[in-house]
Amino acid sequence: MDIETIHQDMQNPASPSETSNQLTLAGVLSRIDRIMADTAYLHEVIGSIQKVPPSGPYSPESPATALGNLVQARETTNQQMLRLLEKMYDDLKPAKSEGTDDIRKFQMLAASLEDYPPEISGEILKRVSQQIFVKPGTIPV
């Protein structure tokens, strides 16, 4: 990423679809993908290190160290941004209903009991439903 691209990103931090105040799961995932795909700066740093002359007023380690620090700072920023996006993703994803798994299990049990006589399957389903869905301390109906 060159200086002009960085300047453009600073001027237009979000694409037109992301300029609204509404965040979406797809938008958060898109931002994560862009962070993960942005490796151009690493290639530029490697190229810059290769161009460092072996002699001069600075030792060759000094520019390399500075560029290494730049990469480390950038990666730290990316990690922090990913943590923030992870929290945003968790806030945006639909809340899982507490009883969803229990309902699914009960439906699977009911489907598997279809071949049994109704009085037997009904009694089994009644007992199971009381165990699954009746909260402790309440009286089953």
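Values below: every heavy atom of this structure, side chains too, minus hydrogens, waters and symmetry copies. Just so it is clear, the model here is predicted, and its values are computed rather than measured.
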- Using the side-chain contact (heavy atoms from CB on, under 4.5 Å) rule, take V28 and L92 through it: C-alpha gap first, then chi angles, then the decisive distance, then the call. CA-CA 9 Å; V28 171; L92 289 171; 3.7 Å; yes

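Considering CZ of R74 and CD1 of I35, their distance stands at 8.5 Å, rounded to 0.5 Å. Taking OG1 of T39 as the reference point, atom CD of E44 lies at 10.5 Å (rounded to 0.5 Å).
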All N/O donor-acceptor pairs, side-chain side in residues 108-121, below 3.5 Å, sequence neighbours left out:
{"unit_1": "S112", "atom_1": "OG", "unit_2": "M108", "atom_2": "O", "d": "3.4"}
{"unit_1": "S112", "atom_1": "OG", "unit_2": "L109", "atom_2": "O", "d": "2.7"}
{"unit_1": "S121", "atom_1": "OG", "unit_2": "P117", "atom_2": "O", "d": "3.3"}
{"unit_1": "S121", "atom_1": "OG", "unit_2": "P118", "atom_2": "O", "d": "3.4"}

Could you pull out all donor-acceptor pairs under 3.5 Å where a side-chain atom in residues 76-86 meets a protein atom, sequence neighbours excluded?
{"unit_1": "T76", "atom_1": "OG1", "unit_2": "Q72", "atom_2": "O", "d": "2.9"}
{"unit_1": "T77", "atom_1": "OG1", "unit_2": "A73", "atom_2": "O", "d": "3.0"}

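Take D90 and apply the salt bridge (Lys or Arg N to Asp or Glu O under 4.0 Å) test, not counting sequence neighbours, and it matches K93. Partners of E123 according to the side chain to side chain donor-acceptor pair (under 3.5 Å) rule, which considers only residues two or more places apart in sequence or in another chain, are R127. In terms of the ring-ring contact (aromatic ring centres under 6.0 Å, His included) criterion, residue partners of F106 (sequence neighbours excluded) are, by chain and number, F133.
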